[in-house]
Chemist: 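I am attaching a structure below and will ask some questions about it afterwards.
Naming: A, B, ... by sequence-line order, numbering from 1 per chain.
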There are 2 protein chains.
Amino acid sequence: MSRPRAKLVTNFPGCPVEATLTYLDGKWKGVILFHLMDRTLRFNELRRHLPAITQRMLTKQLRELEDSGLISRTVYPVVPPRVEYALTPLGTTLKPVIRALAAWGDEFVFCSPEGRELRIAKALNAPAAEIQA
Amino acid sequence: MSRPRAKLVTNFPGCPVEATLTYLDGKWKGVILFHLMDRTLRFNELRRHLPAITQRMLTKQLRELEDSGLISRTVYPVVPPRVEYALTPLGTTLKPVIRALAAWGDEFVFCSPEGRELRIAKALNAPAAEIQA
DNA sequence: CGGAATCCATGGAGATACTG
DNA sequence: CAGTATCTCCATGGATTCCG
């Protein structure tokens, strides 16, 4: 009797871009996968990487990623409990995608120092000609 | 008196992956950008590419992409109206990201023929060893 | 043709409390 | 430590109508 498997539904059958984004749905999953690219992480380690997420949401996102087959969940029968999350082989195939996302954010987006507002990097508000090249 | 500019807010300051995903927020924007990669498209041309989207949502997503500086909106003062959407120079910098998303979806996801349910391609449900390589 | 305006239902997500 | 279980609320997005 396992948990019912979540169904992922697309609005645009046949669109590979949307298919991928459906698996990264929400804004949390991408970040979770990003941190799992480096190494296996425990539940509370992930929480520390995602300061704003609630326990409930983290659990939910992890379950969905697990259902999708992108991450694995390993429970060690010890006290206190120890649960580790890691990329599955399928999950590792996403690395180039995650890296592409990270690279673009790194290059073009910055965050107002004190706040959380995102802005396009100054360099790209320059006249089009400079960028077109 | 221009429309107020939408503020993009992040939950994880300093995370480039989430920054990028914030700009692709929702599942529609990625698809819109994907289609604009090839060529400029008019409003109703985009609708035809996105059969499931409502007029209201398409307008909203296009406005947000415009606010982000990723696409441009050109109104031709003719009757009947003609409005064209295209990638800006900044938008074109997203092409590698969109291509990475499309490539992964192409390789690993398929859609049940009649429905809209997404599944991982059979090949990847195979034993890990086969994929790890 | 390409929207804007309005109304409304749904569920995504926060806060809080409890547990093996 | 790593989760459930409720309750609640508000934003997201659908349907419909009207407009330059």
Side-chain angles (χ1 to χ4, degrees), chain A residues 1-4 6-12 18 21-22 24-32 35-36 40-67 71-86 116, chain B residues 1-4 6-12 18 21-22 24-32 35-36 40-67 71-86 116:
Chain A
M1 299 288 269
S2 55
R3 201 162 11 89
K7 278 189 185 177
L8 289 180
V9 169
T10 178
N11 293 304
F12 309 118
E18 204 233 346
L21 287 175
T22 300
L24 301 180
D25 189 29
K27 284 178 285 191
W28 317 84
K29 294 206 180 91
V31 189
I32 293 172
H35 289 298
L36 289 178
T40 292
L41 289 172
R42 298 178 59 175
F43 187 82
N44 276 346
E45 288 177 325
L46 276 168
R47 278 186 84 177
R48 258 166 260 135
H49 282 291
L50 281 52
I53 201 171
T54 63
Q55 205 172 34
R56 178 180 139 73
M57 268 300 107
L58 180 53
T59 299
K60 194 173 163 247
Q61 302 296 309
L62 288 170
R63 289 291 177 280
E64 292 178 13
L65 286 168
E66 195 191 348
D67 281 349
I71 69 172
S72 64
R73 176 174 181 270
T74 309
V75 183
Y76 295 91
V78 296
V79 181
R82 175 186 185 86
V83 181
E84 290 192 345
Y85 295 90
R116 306 186 328 210
Chain B
M1 302 288 269
S2 54
R3 201 163 9 91
K7 277 189 186 178
L8 288 181
V9 169
T10 177
N11 293 305
F12 310 117
E18 205 233 345
L21 287 175
T22 300
L24 301 180
D25 187 30
K27 285 176 288 193
W28 318 84
K29 295 206 180 90
V31 189
I32 293 173
H35 289 299
L36 289 178
T40 292
L41 289 172
R42 299 178 58 176
F43 188 82
N44 276 345
E45 287 177 326
L46 275 168
R47 281 187 80 178
R48 258 167 258 134
H49 282 291
L50 281 51
I53 202 171
T54 63
Q55 206 173 35
R56 177 180 138 74
M57 270 300 107
L58 180 54
T59 299
K60 193 173 163 249
Q61 301 296 310
L62 287 170
R63 288 294 176 281
E64 292 177 13
L65 286 169
E66 196 191 348
D67 281 348
I71 67 171
S72 64
R73 176 173 182 269
T74 309
V75 183
Y76 295 91
V78 296
V79 182
R82 175 186 185 87
V83 180
E84 289 192 347
Y85 295 90
R116 306 187 326 209

Chemist: Under the rule for side-chain hydrogen bond (donor to acceptor under 3.5 Å, both in side chains), what residues qualify as partners of Arg56(A), not counting sequence neighbours?
Modeler: none
Chemist: Between dA4(C) atom C1' and Leu62(B) atom CG, what is the distance in whole Å?
Modeler: 14 Å
Chemist: How far apart are the C-alpha atoms of Ile32(A) and His49(A), what are their side-chain angles, what is the distance that settles it, and do they pass the side-chain contact (heavy atoms from CB on, under 4.5 Å) test?
Modeler: CA-CA 9 Å; Ile32(A) 293 172; His49(A) 282 291; over 6 Å; no
Chemist: Can you give me the bend angle of the helix from dC1(C)-dG20(D) to dG20(C)-dC1(D)? Use the axis through the first five pairs and the one through the last five, nearest 10 degrees.
Modeler: 60°
Chemist: Rounded to whole Å, please give me the gap between CG in Leu58(A) and P in dC1(D).
Modeler: 14 Å
Chemist: Which distance, rounded to the nearest 0.5 Å, do you find between the OG1 of Thr59(B) and the CZ of Arg73(B)?
Modeler: 8.5 Å
Chemist: Quick check on dG2(C): is either OP1 or OP2 less than 4.0 Å from any side-chain nitrogen or oxygen of Arg47(B)?
Modeler: no
Chemist: Please assess Ile71(A) against Tyr85(A) for the test side-chain contact (heavy atoms from CB on, under 4.5 Å), listing each intermediate value before the final yes or no.
Modeler: CA-CA 7 Å; Ile71(A) 69 172; Tyr85(A) 295 90; 3.8 Å; yes
Chemist: Can you tell me if Glu45(B) uses its side chain to pair, donor with acceptor, with the backbone of Arg42(B) under 3.5 Å?
Modeler: yes
Chemist: Could you tell me how far apart Glu84(A) (CD) and dA2(D) (P) are, to the nearest whole angstrom?
Modeler: 9 Å
Chemist: When the distance from CG of Asn44(A) to C1' of dG3(D) is rounded to whole Å, what number comes out?
Modeler: 10 Å
Chemist: Just the rounded figure in Å: distance from P of dA2(D) to CZ of Phe43(A).
Modeler: 7 Å
Chemist: Not counting sequence neighbours, which residues clear side-chain hydrogen bond (donor to acceptor under 3.5 Å, both in side chains) with Arg47(B)? List them please.
Modeler: none
Chemist: Would you check, one step at a time, whether the test side-chain contact (heavy atoms from CB on, under 4.5 Å) holds for Phe43(A) with Leu58(A)?
Modeler: CA-CA 8 Å; Phe43(A) 187 82; Leu58(A) 180 53; 3.9 Å; yes
Chemist: Could you tell me the separation between the CD atom of Glu45(B) and the P atom of dG3(C), rounded to a whole number of Å?
Modeler: 13 Å
Chemist: Look at Tyr85(A) and dG3(D) and indicate whether a side-chain polar atom (N or O) is within less than 4.0 Å of OP1 or OP2.
Modeler: yes
Chemist: Quick one, give me the B/S/- string for nucleotides 13-20 of chain D, reading 5' to 3', where B means a protein heavy atom under 4.0 Å from the base and S means that only happens at the primed atoms, P, OP1 or OP2.
Modeler: BBB----B
Chemist: Identify, with sequence neighbours excluded, every residue that meets salt bridge (Lys or Arg N to Asp or Glu O under 4.0 Å) alongside Arg82(A).
Modeler: Glu84(A)
Chemist: Which residues satisfy the side-chain hydrogen bond (donor to acceptor under 3.5 Å, both in side chains) test with Gln55(B), sequence neighbours excluded?
Modeler: none
Chemist: Compare side-chain N and O positions of Arg42(B) against OP1 and OP2 of dG3(C) and report whether any pair is under 4.0 Å apart.
Modeler: no
Chemist: Tell me the interatomic distance from Leu50(A), atom CG, to dA2(D), atom P, rounded to whole angstroms.
Modeler: 14 Å
